[in-house]
Amino acid sequence: MDCTERRQKGKVCGYGFETGKEKTKDLVFLTELIETGKIKAVIDRCYPLGQIAEAHRYVEQGHKKGNVVITVA
């Protein structure tokens, strides 16, 4: 895994070329963490696809407290 430090934003990691088995192993591990409640997605707001410009403006304000989700349906 190739991780680089980013100023004030944490780390950016890239996995490069992984085999299918490695990806499956990672997904199983993440699934276990989610199912046991050790990690949890924090969703701030949801916007329909038609309001993507408004969602982008909200994110740019810098006050979001979690993820902003765009729903496509």
Tell me if a side-chain donor or acceptor on Asn67 pairs with a main-chain N or O of Val42 at a distance below 3.5 Å. yes
Are more than 12 heavy atoms from other residues, nucleotides or ligands located less than 6.0 Å from atom NZ of Lys64? yes
Drop me the distance from Glu60's CD to Arg57's CZ, to the nearest 0.5 angstrom. 8.5 Å
Using a 4.5 Å side-chain heavy-atom cut-off and chaining through intermediate ILVMFWY residues, the residues clustered with Tyr58 come out as Tyr47, Leu49, Ile52, Val59, Val68, Ile70, Val72
NZ (Lys65) and CG (Asp44) are apart, to the nearest 0.5 Å, by 8.5 Å
